[in-house]
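Written below as structure tokens is the structure these notes are about.
Order of appearance sets the numbers: ligands from 1, and atoms from 1 within every ligand. All heavy atoms count here, side chains included; hydrogens, waters and symmetry mates do not.
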Amino acid sequence: MADANVGAPVSRHSVEERIGMLEELLDERYSVRAFLPQPVPRETVEHVLKVAQRTASWCNSQPWQVVIASGEAKERFRKLIYGEAASGAEDGHDFPPPREYLGVYLQRRRESGFQLYNTLGIARGDKAAYAKQALENYNFFGAPHVAIIHTDEALGVYGAIDCGGYVGNFMLAAQALGLGTIPQAALARHSGLIRRHFNLGDDRRVVCGISFGFADHAHKVNSYRTSRASIADTVTFIEE
Ligand SMILES: Cc1cc2nc3c(=O)[nH]c(=O)nc-3n(C[C@H](O)[C@H](O)[C@H](O)COP(=O)(O)O)c2cc1C
């Protein structure tokens with residue numbers, strides 16, 4: 001009979017510790033929408049990047065490239081993208097955004113939206129307040145750092161999927177190191193501006209941003225947690 005442990009990694013940790021740690025990180029992580037201004041030490045940022053670099057990708061193409069703006073560079077970028085977003089101008093997505101949220105997707109979108117607005121005391125239907133809160137995306141919610149994740153045009157949707165895996169691992173690594181993150185497709189609405197500002201090649205496509213830093217735990221916007229569907233609502237087991 002084959003030994004199930006052949007080729008298994010040697011670890012100092014038991015299986016319970018390993019899965020426990022992963023679950024803890026996944027359960028703890030949430031999208032941070034208020035950050036403290038203090039910057040993250042460079043070695044911590046590099047640690048996150050080193051861990052996320054282990055992300056799997058089709059043919060190991062590793063299509064993600066990352067621009068991280070901090071300090072004055074972040075401030076210049078913030079002013080530019082905030083200005084464009086506030087003017088109502090949209091430079092366009094590199095990848096088409098969701099066409100429509102239907103059925104259960106609409107329900108989930110509304111639930112998470114109302115959680116955010118209720119937490120902030122924004123009344124239902126107050127479109128001006130919704131728009132003001134949406135603009136906070138372009139202040140990076142006060143984060144000291146913003147990462148732009150971009151991929152290779154020729155790799156198409158699977159390149160973007162690889163970048164999605166990278167974003168997930170980036171967020172988990174950051175969580176393990178005591179940082180907060182928020183992935184932001186809102187930034188990709190201004191892909192042209194991003195490409196020009198950061199001198200990205202014509203063959204690069206902006207997937208999303210990640211603002212990150214230390215979470216402001218005292219801010220009420222960070223006080224709620226989103227729900228998840230059950231496995232029964234998600235997975236179909238087929239055995240016969
Ligand atoms: C690819 C992606 C793009 C997102 N874009 C935004 C965004 O532009 N602005 C925002 O406030 N949240 C954004 N989010 C955060 C989601 O709203 C959030 O992950 C979801 O509601 C689940 O909540 P949680 O992250 O707190 O668990 C994005 C998440 C993902 C994965």
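Within the 4.0 Å heavy-atom cutoff, M171 does not count among the residues contacting ligand 1. Look at E136 and you'll find every heavy atom at least 4.0 Å from all atoms of ligand 1.
The six-membered or imidazole ring of F212 lies away from that of F140, with a centre-to-centre distance of 6.0 Å or more. In this structure, the ring of Y138 has its center less than 6.0 angstrom from the ring center of H190.
Only the side chain of R228 comes within 4.0 Å of ligand 1, judged by heavy-atom distances.
Counting only heavy atoms of the protein, atom 3 (C) of ligand 1 lies nearest to A185 N, 3.5 Å. Nearest protein heavy-atom neighbour of atom 21 (O) of ligand 1: T226 CG2, 4.0 Å. Looking at atom 11 (O) of ligand 1, its nearest protein heavy atom turns out to be R33 NE, 2.9 Å. Among all protein heavy atoms, the one lying closest to atom 15 (C) of ligand 1 is S31 OG, 3.5 Å.
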Item to check | Criterion side-chain hydrogen bond (donor to acceptor under 3.5 Å, both in side chains) on S70 and H145, from CA distance to verdict | outcome: CA-CA 5 Å; S70 311; H145 310 279; 2.7 Å; yes

| request: Assess whether salt bridge (charged side-chain N to carboxylate O under 4.0 Å, His left out) is satisfied between K50 and E46, documenting all intermediate values. | output: CA-CA 6 Å; K50 184 164 176 270; E46 289 187 3; over 6 Å; no

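Looking only at side-chain heavy atoms (C-beta outward), H13 and M21 stay at 4.5 Å or farther from each other.
The CG atom of N137 sits 7.5 Å away from atom CZ of R33, with the distance rounded to the nearest 0.5 Å.
The shortest N or O to N or O distance between Y30 and ligand 1 is not below 3.5 Å. Considering backbone and side-chain N/O atoms, I182 never comes within less than 3.5 Å of an N/O atom of ligand 1. Considering backbone and side-chain atoms together, L187 places no N or O closer than 3.5 Å to any N or O of ligand 1. Residue contacts with ligand 1: A186 is placed with a nitrogen or oxygen under 3.5 Å of a nitrogen or oxygen of the ligand (distance criterion only).
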For a quick test of your reading: what N or O donor-acceptor pairs under 3.5 Å do the side chains of residues 101-116 make, sequence neighbours left out?
from: E111; atom 1: OE2; to: S227; atom 2: OG; distance (Å): 2.7
from: S112; atom 1: OG; to: R108; atom 2: O; distance (Å): 3.4
from: S112; atom 1: OG; to: R109; atom 2: O; distance (Å): 3.2
from: Q115; atom 1: NE2; to: R225; atom 2: O; distance (Å): 2.8

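Of all atoms in ligand 1, numbered sequentially from 1 with element shown, those under 4.0 Å from a heavy atom of R29 are 24 (P), 25 (O), 27 (O). Heavy-atom contacts of N137 reach the following atoms of ligand 1: 7 (C), 8 (O), 9 (N), 10 (C), 11 (O) (cutoff under 4.0 Å).
Of the listed residues (P183, P97, A188, C208), the one carrying the non-hydrogen atom nearest atom 2 (C) of ligand 1 is P183.
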